[in-house]
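Each remark here refers to the structure printed beneath this line.
Source: prediction; values computed, not measured.
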There are 2 protein chains.
Amino acid sequence: MSTGSCYDGVVMAHQPIGLVLTRTSRTVSRAFDERLAAAGGSLPLWLILLALKTQTVRSQSDLADAVGIRGATLSHHLGGMEAAGLVTRRRDPASRRTSLVEMTDAGTRLFLRLREASVAHDKRLRAGLSDEEVAYLATLLDTLAFNATNAST
Amino acid sequence: MSTGSCYDGVVMAHQPIGLVLTRTSRTVSRAFDERLAAAGGSLPLWLILLALKTQTVRSQSDLADAVGIRGATLSHHLGGMEAAGLVTRRRDPASRRTSLVEMTDAGTRLFLRLREASVAHDKRLRAGLSDEEVAYLATLLDTLAFNATNAST
DNA sequence: TATTGTTATACTCTATAACTATA
DNA sequence: TATAGTTATAGAGTATAACAATA
């Protein structure tokens with residue numbers, strides 16, 4: 001499918017890169033969601049557990065920032081995760097306003113399953129691509145993310 | 001941020017490419033959504049209007065496939081679009097089961113505004129990248145999309 | 001019977017606004 | 001007053017299942 005024809009007067013030899021990214025991401029995310037769901041999780045759960053495991057998170061605000069969602073949205077997810085026994089929340093004795101989120105054993109087990117799904121997903125994605133190509137792709141994507149939030153126009 | 005440390009025993013020098021793609025897409029999509037909303041639209045609306053304008057769509061099923069959503073989901077959007085006067089639906093005289101979706105003048109005007117937003121978005125995304133780099137990026141993304149749905153593992 | 005599309009319903013993710021508790 | 005987090009509510013997008021109309 002070519003959309004070039006609709007962009008009258010605009011030099012657009014190929015598909016707009018934003019559209020390609022949107023479509024790719026939609027397809028890839030859907031496949032990833034299915035894998036995460038099969039492993040008993042979801043994308044927000046995976047991102048939250050990953051942030052808890054790999055970052056030194058000082059507060060829920062930090063955690064929300066790390067995941068890229070609002071504090072209220074994080075509360076929503078953490079509520080479900082706490083009810084499911086995946087994390088515990090307790091008030092920081094040093095400052096009872098902030099709460100300390102910790103992974104339970106069950107949370108760790110889910111994390112490991114989701115990590116496995118994530119690794120498998122990634123291995124699959126890399127098929128036919130060299131490490132150099134994947135690394136280059138990552139830098140190009142970083143540039144897009146930067147441009148989306150910082151570039152002028 | 002490096003997540004390499006959490007992938008014990010897995011050779012993963014850099015971030016998983018799936019995660020990079022997820023984060024990039026989230027950031028870029030959010031920026032695009034804002035632009036489309038400012039122009040009076042949304043991503044599904046844009047994709048539907050784009051498909052109507054650039055493809056020879058024979059039925060709503062075709063249109064849904066082109067956009068990548070279910071028929072019922074498309075009905076949902078078309079309902080709103082018809083109520084907003086952006087499209088009309090009439091039964092195909094040749095086969096009264098299928099319906100013909102057509103853009104109204106108002107729909108065309110919205111299409112043009114969204115196209116403008118899309119072009120601006122794309123121009124912004126390309127900042128600092130050569131045409132060759134963008135083209136290469138597109139082929140890499142195509143590979144990922146293919147791998148997500150076809151590659152074995 | 002099979003197909004095209006619609007309607008009813010519900011789920012997930014996200015958000016804003018109002019609120020509580022703490023500093 | 002300002003900050004950390006929660007709760008209430010809502011909205012967008014998507015989906016499945018049941019349905020109606022047509023072939």
Side-chain angles (χ1 to χ4, degrees), chain A residues 22-23 25-27 29-34 36-38 40-49 52 57-84 87-102, chain B residues 22-23 25-27 29-38 40-49 51-52 57-84 87-102:
Chain A
T22 296
R23 291 204 168 112
S25 166
R26 196 177 275 229
T27 301
S29 294
R30 224 164 264 196
F32 192 30
D33 284 346
E34 280 167 20
L36 291 174
S42 66
L43 182 60
L45 252 64
W46 167 236
L47 293 178
I48 290 168
L49 292 174
L52 281 176
V57 174
R58 289 155 298 286
S59 66
Q60 284 191 201
S61 300
D62 285 352
L63 186 53
D65 287 346
V67 175
I69 55 180
R70 297 285 178 177
T73 304
L74 178 64
S75 276
H76 168 75
H77 289 302
L78 285 181
M81 292 170 77
E82 193 174 29
V87 298
T88 57
R89 280 186 284 195
R90 60 187 173 85
R91 292 294 172 179
D92 184 348
S95 169
R96 294 186 40 71
R97 263 194 316 204
T98 70
S99 86
L100 304 174
V101 181
E102 279 161 9
Chain B
T22 296
R23 291 203 167 113
S25 166
R26 194 179 276 228
T27 301
S29 294
R30 224 165 263 195
F32 191 29
D33 285 346
E34 280 167 20
R35 282 174 170 260
L36 291 174
S42 66
L43 182 60
L45 251 64
W46 167 238
L47 293 178
I48 289 168
L49 292 175
L52 282 176
V57 174
R58 291 155 297 286
S59 66
Q60 285 192 199
S61 299
D62 285 352
L63 186 52
D65 287 346
V67 175
I69 55 180
R70 297 286 177 175
T73 304
L74 178 64
S75 276
H76 168 75
H77 290 302
L78 286 180
M81 293 170 77
E82 194 173 30
V87 298
T88 58
R89 281 186 283 194
R90 60 187 173 83
R91 292 294 172 180
D92 183 348
S95 169
R96 295 187 38 72
R97 260 194 318 203
T98 70
S99 86
L100 305 173
V101 181
E102 279 160 8

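Atoms CH2 and CG, from Trp46(A) and Asp33(A) in turn, are 13.5 Å apart once rounded to the nearest 0.5 Å. For the atom pair OG (Ser42(B)) and CD1 (Ile48(B)), the distance works out to 7.5 Å, reported to the nearest 0.5 Å. One finds the OG atom of Ser25(B) at 10.0 Å from the CZ atom of Arg30(B) (value rounded to the nearest 0.5 Å). To the nearest 0.5 Å, atom CG of residue Leu36(B) and atom CG of residue Leu45(B) are 9.0 Å apart.
Ala51(B) and Leu63(B) get closest at one heavy-atom pair: CB-CD1, 3.6 Å.
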Item to check | Residues Leu47(B), Arg26(A); criterion side chain to side chain contact (heavy atoms under 4.5 Å, CB included); working and verdict | outcome: CA-CA 13 Å; Leu47(B) 293 178; Arg26(A) 196 177 275 229; 3.6 Å; yes
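One interatomic measurement links the two molecules: CG of Leu47(B) to P of dG13(D), which rounds to 11 Å at whole-angstrom precision. In this structure, CZ of Arg70(B) is placed 23 Å from P of dA12(D), rounded to the nearest angstrom. At whole-Å resolution of the value, CG in Leu43(B) and C1' in dA12(D) are 12 Å apart. Remark: P of dA4(D) and CZ of Arg58(A) are 12 Å apart, rounded to the nearest angstrom.
Annotation: side-chain contact (heavy atoms from CB on, under 4.5 Å) contacts of Asp65(B) (sequence neighbours excluded): none.
Contacts between residues 71-81 of chain A and DNA chain C, defined by a heavy-atom separation below 4.0 Å, involve Ala72(A), Thr73(A), His76(A), His77(A), listed by number.
Heavy-atom distances to DNA chain D give each of Arg30(A) and Gln60(A) a nearest nucleotide, and the one nearer the 5′ end belongs to Gln60(A). The residue among Arg89(A) and Arg26(A) whose nearest nucleotide of DNA chain D lies closer to the 5′ end is Arg89(A).
The footprint of chain B on DNA chain C, defined by a heavy-atom cutoff below 4.0 Å, extends from dA2(C) to dA15(C).
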Ignoring hydrogens and angles, write down the donor-acceptor pairs under 3.5 Å from the side chains of residues 95-102 of chain A, residues two or more places apart or on other chains.
| residue | atom | partner | partner atom | Å |
| --- | --- | --- | --- | --- |
| Thr98(A) | OG1 | Ser95(A) | O | 3.2 |
| Ser99(A) | OG | Gln60(A) | OE1 | 2.9 |
| Glu102(A) | OE2 | Arg90(A) | NH2 | 3.0 |

N/O donor to acceptor pairs below 3.5 angstrom from side-chain atoms of residues 71-82 of chain B, sequence neighbours left out:
| residue | atom | partner | partner atom | Å |
| --- | --- | --- | --- | --- |
| Glu82(B) | OE1 | Arg89(B) | NE | 3.3 |
| Glu82(B) | OE1 | Arg89(B) | NH2 | 3.1 |
| Glu82(B) | OE2 | Arg89(B) | N | 3.3 |

Could you pull out the protein-nucleic contacts involving nucleotides 20-23 of chain D (nitrogen or oxygen on both sides, under 3.5 Å)?
| residue | atom | partner | partner atom | Å |
| --- | --- | --- | --- | --- |
| dT22(D) | OP1 | Arg96(B) | NH2 | 3.3 |
| dT22(D) | O2 | Arg97(B) | NH1 | 3.3 |
| dA23(D) | OP1 | Arg96(B) | N | 2.5 |

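Distances shorter than 4.0 Å separate some side-chain N or O of Ser42(B) from OP1 or OP2 on dG13(D). One finds no side-chain N or O of Thr98(A) lying less than 4.0 angstrom from the OP1 or OP2 phosphate oxygen of dG5(D).
A 4.5 Å side-chain heavy-atom check between Asp62(B) and Ser59(B) finds at least one atom pair inside the cut-off.
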